[in-house]
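This structure is a prediction, so every number in the text was calculated from the model and none was measured. Quick note: numbers below take in every heavy atom, side chains included, and nothing from hydrogens, waters or symmetry partners. Residue indices begin at 1 and follow the sequence shown.
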Amino acid sequence: MPKLTIDGREVEVPANTTVLQAAQQLGIEIPHFCYHQRLAIAGNCRMCLVEQEKAPKPIASCAQPVSDGMVVHTQSERAKKARHGVMEFLLINHPLDCPICDQGGECDLQDQAMAYGFDRSRYKEAKRAVKEKDFGPLVATAMTRCIHCTRCVRFLTDVAGVSELGMVNRGEDSEITTYVGMALGSELSANIIDLCPVGALTSKPYEFIARPWELRKTESVDVLDAVGSNIRIDSRGGAVLRVLPRLHEDINEEWISDKTRFALDGLKRNRLDRPYVRRNGKLHEVEWREAFAVIAERAAQVPGSRIAAIAGDLADCESMLALKELMKALGSANFDCRQDGAYADPRVRASYIFNTGIAGIEQADRCLLIGTNPKVEAPIINARLRKRWLAGGFKVGYVGPALDLTYPAQQIDMAGAAAFLKDAKAPMVIVGTSALRRKDGAAILAASRALVEPREGWNGFNVLQLAASRVGGLDLGFVPGQGGRDTAAILAGCEKGEIDILYLLDADEIDTTKLGKTFVIYQGHHGDSGARRADVILPGAAYTEKDATYVNTEGRVQLGRRAVFPPGDAREDWAIVRALSEALGKTLPYNNLRDVRAGLIAANPLFAHIDERVPAPWSAFGAAGSIDPAPFVYPVADFYRTDAISRASPTMAACAGAVAAKAIPARKSA
C-alpha cells in the first residue's frame, strides 16, 4: 500500500485512495462541495485544492489518487490562496439571500465561506439569474444559487437509477435542469435536497416553515414500510415539521424514500383525538371510562371463542403483546397480525425474514425476485440492489408481470428459476407478499426455499415484508392459537355471524364489507376505513408520538422514540390495552413501558438484541404442492398511499395525482 505525508503526518492507505480520503483518515479537514463519499467523483467545484510538492499547480484532492512518497500540504499559503480564489468565484453569482433561504443555518456554503472566504467582494458586474425549474411537488428550486456541483445529477443517475437531471449549455450559461421539463419520477428523488450544499434544492412542503435551531431533534425509525429506515424527526411545539435520514450503514445508509420523508403532514389530518361510541348509527364523543364500559358490557355477554383481534401494518410490538395477552385472558385464540392473509410459518423464523440482510445484498452474485417489485415496495432495498449491479458480476431475474426496475432484469418463470441460479456462488431469492397471499403461498414458499438452501456462511433466502409490524408480530406470536382463526377465517366468521366482537389494532387494510353485524372496536390514530366501520373508537398514538419497538424485514429489533405527544385524549397503544384489561376484569401485569418490554423479552429473547441482526435457525418450512400458473399481482398499486398516514397526506396525494395525470411518465432504467 502506498505511503504519503500530509501536513507532516505519514499515512499508509490502500491503492486508488484519493488524497482527500487519505486526509480524512488522519482527521484533516479539506473543504469540498462536489465530493460525496457515496457518489462518483466529479471534481467540479475545485474547493478541495491542496499543494503537492513538485506539482506545478494545486491539485484537486478529491480526484487525485495517492502515490507512494507523495507529500501534500493542506494549510500552506499556496493552498489557502487557491481556496480563497475558488470561493470568490463561487460567490460571484450567488445571491445574497441567506436570510430567506431554507438552507440557512445548515448550509455548507455559509460554513465554508466563513472559514475560507473573504470579508468583501471585488466583483462589480451584474450577477446572473437562472429561471426556476419545476421538479414536482417535493423539491423546490432556486437555481440562481446553484454552484454546479452535480451532486443531484450523480445521485439520480447512479443511486436512484433514473437519468432525469443533467447540465445543459456551457460556461456562464450552464445550468442544471430536467431533460424534458418533467417532474422527478424517482421514489428517492428528495434525497437531492440533503445532498445540495447551497440551498438550490430545498423541500417544497417545508418551505419557510422553521429554522434548524428552532427544532427539537429525535432519533427514531420509519414505519411506513418494513425496511426500518433510521430517521431523525424534527419537531417544534406539538408538531412534526420535518423527517430526515439518519445514517445506518446496514439498513438505509443515508437515504430515505420520499414517502418516509414527506408523509408527515398526514399526521396532522384526519386524526382520532378522543374516544367515540356509535349510537343509533352515529358516532358520539365520550370519555375513556364510558368507552371502556360499553366494551365491557358487550364482552360480558360473549364467550371468548366469539371474540377476535387483527393487528394492522403500523402496530408496534408493545401493543401487540398487550392485545395478545388480553385475548388469551378472555379465552380467545382468534388473533392474527397478517391482515393481508400472507402465508408465514411462525415456528420457523427464517421463513419470514430477509435472512441475507440488506447490507448482505452486496455479497450476492445473482438475485431472483419472486412476486415482488422492490422499486415501490422497498425503494431503499432496490437502491442497494442497483448498487450491487453497478459493482459488476451481478444478475437479476424476476418471476411475475413485467417490471421496469432501475437495473437490467430478466423475466423468467418458476420452472426456469433453478437454472437461473444454478451457477451462482452466492445466490439470493427475494419472495414478495404477492406470492404468499395466494392459496398456493405455502407451496411457493417451499419451492423458493429449495432454490437456495443455505451453504456455509451464506443464507440467500429472503422474504420482503411490506408491514412494519409483521416480523415483530410473528416473533411475539400474534398468530392464531390452537383452534384459533386466522384473518381470513375471522372475516368469514364475521360474515356468518360466528364472531361477535372484533378488535382492530391499526388494521385498515381489511375488507370491512365482510364484518357484517360484528361489534367492532377500532384502536388507532387515523379515521381510515377501520374507524369508519367501528362501534367504539379508542384513539391511539402515531409512530412519532410514542416510544415503541419495531422489527424490520431482516429481523432487526429497533426502537422508535417519541418526538411529540399524541393529540387530545389519544394515548399510547399499550397503555390503552392495559387500561381496557382492567375495565374487563382481566388486568394485565404491565404498569409501565419497562414491564411491557420485559414481557416482550419473555415472549422471545430476540427482543433483547436491539439493533442487532441475529441469524435465524434453518429448518424446513412451507408445504409441497402444485403452484397455480396464474400470474402474481403486485400488492402496491400506489407507492405514495399505502397506509392511513400517507393516505391522509396532502403531499402524497399531490404526488399520486402527478403520476395519475401522467406528469411523471414511465422511464427506462439508467
Open item on the list: Could you check whether any side-chain heavy atom of Ile310 comes within less than 4.5 Å of a side-chain heavy atom of Ile490, counting everything from C-beta outward?
Closed with: yes
Open item on the list: Before you tell me yes or no, could you show the steps for Asp225 and Ser257 under side chain to side chain donor-acceptor pair (under 3.5 Å), namely the whole-Å CA-CA distance, both residues' side-chain angles and the distance that decides it to 0.1 Å?
Closed with: CA-CA 10 Å; Asp225 59 24; Ser257 75; 4.8 Å; no
Open item on the list: Taking the side chain as everything from C-beta on, heavy atoms only, tell me whether Asp340 gets closer than 4.5 Å to Pro635.
Closed with: no
Open item on the list: So, taking the atom named OG in Ser581 and the one named CE in Met327, what distance separates them when rounded to the nearest 0.5 Å?
Closed with: 10.5 Å
Open item on the list: Quick check: do Asp508 and Asp643 have side-chain heavy atoms less than 4.5 Å from each other?
Closed with: no
Open item on the list: Tell me the closest heavy-atom pair linking Cys317 and Gly472, and the distance in Å.
Closed with: SG-CA, 3.8 Å
Task: Heavy-atom side-chain proximity of Tyr398 to Gln411 below 4.5 angstrom - done: yes
Task: Where Ala435 and Ile444 come nearest, the two heavy atoms and their spacing - done: O-CD1, 3.4 Å
TODO: Could you note down all residue pairs passing ring-ring contact (aromatic ring centres under 6.0 Å, His included) where residues 308-366 supplies at least one of them, sequence neighbours left out?
DONE: Phe335-Phe478
Task: Separation of Asn462 CG from Thr553 OG1 (nearest 0.5 Å) - done: 8.0 Å
Open item on the list: Would you say that Phe607 contacts Asp475 through its side chain, given a criterion of any heavy-atom pair below 4.5 Å between the two side chains?
Closed with: yes
TODO: May I ask you to check whether Thr549 and Glu318 show a side-chain donor-acceptor distance below 3.5 Å?
DONE: yes
Task: Contacts of Asp638 that satisfy salt bridge (charged side-chain N to carboxylate O under 4.0 Å, His left out) - sequence neighbours left out - done: Arg641
Task: Minimum side-chain heavy-atom gap Leu580-Arg578 below 4.5 Å - done: no
Open item on the list: One thing to verify: whether Arg613 and Asp250 come together as a salt bridge, which I'm taking to mean a side-chain N less than 4.0 angstrom from a carboxylate O.
Closed with: no
Open item on the list: Would you say CZ of Arg347 has more than 12 non-hydrogen atoms from neighbouring residues, nucleotides or ligands within 6.0 angstrom?
Closed with: no
Task: For Phe519, ring-ring contact (aromatic ring centres under 6.0 Å, His included) partners two or more places apart - done: none
- [ ] Answer with yes or no after comparing the ring centroid distance for Trp458 and Phe461 against a 6.0 Å cut-off, counting only values under it.
- [x] no
Task: Flag side-chain contact, heavy atom, 4.5 Å: Thr260 against Ile231 - done: yes
Open item on the list: I want to check something: taking the side chain as every heavy atom from C-beta on, are Leu538 and Ile295 in contact at a cut-off of under 4.5 Å?
Closed with: yes
- [ ] Grab the two heavy atoms, one from Ala364 and one from Phe394, that are nearest each other, plus how far apart they are.
- [x] O-CD1, 3.6 Å
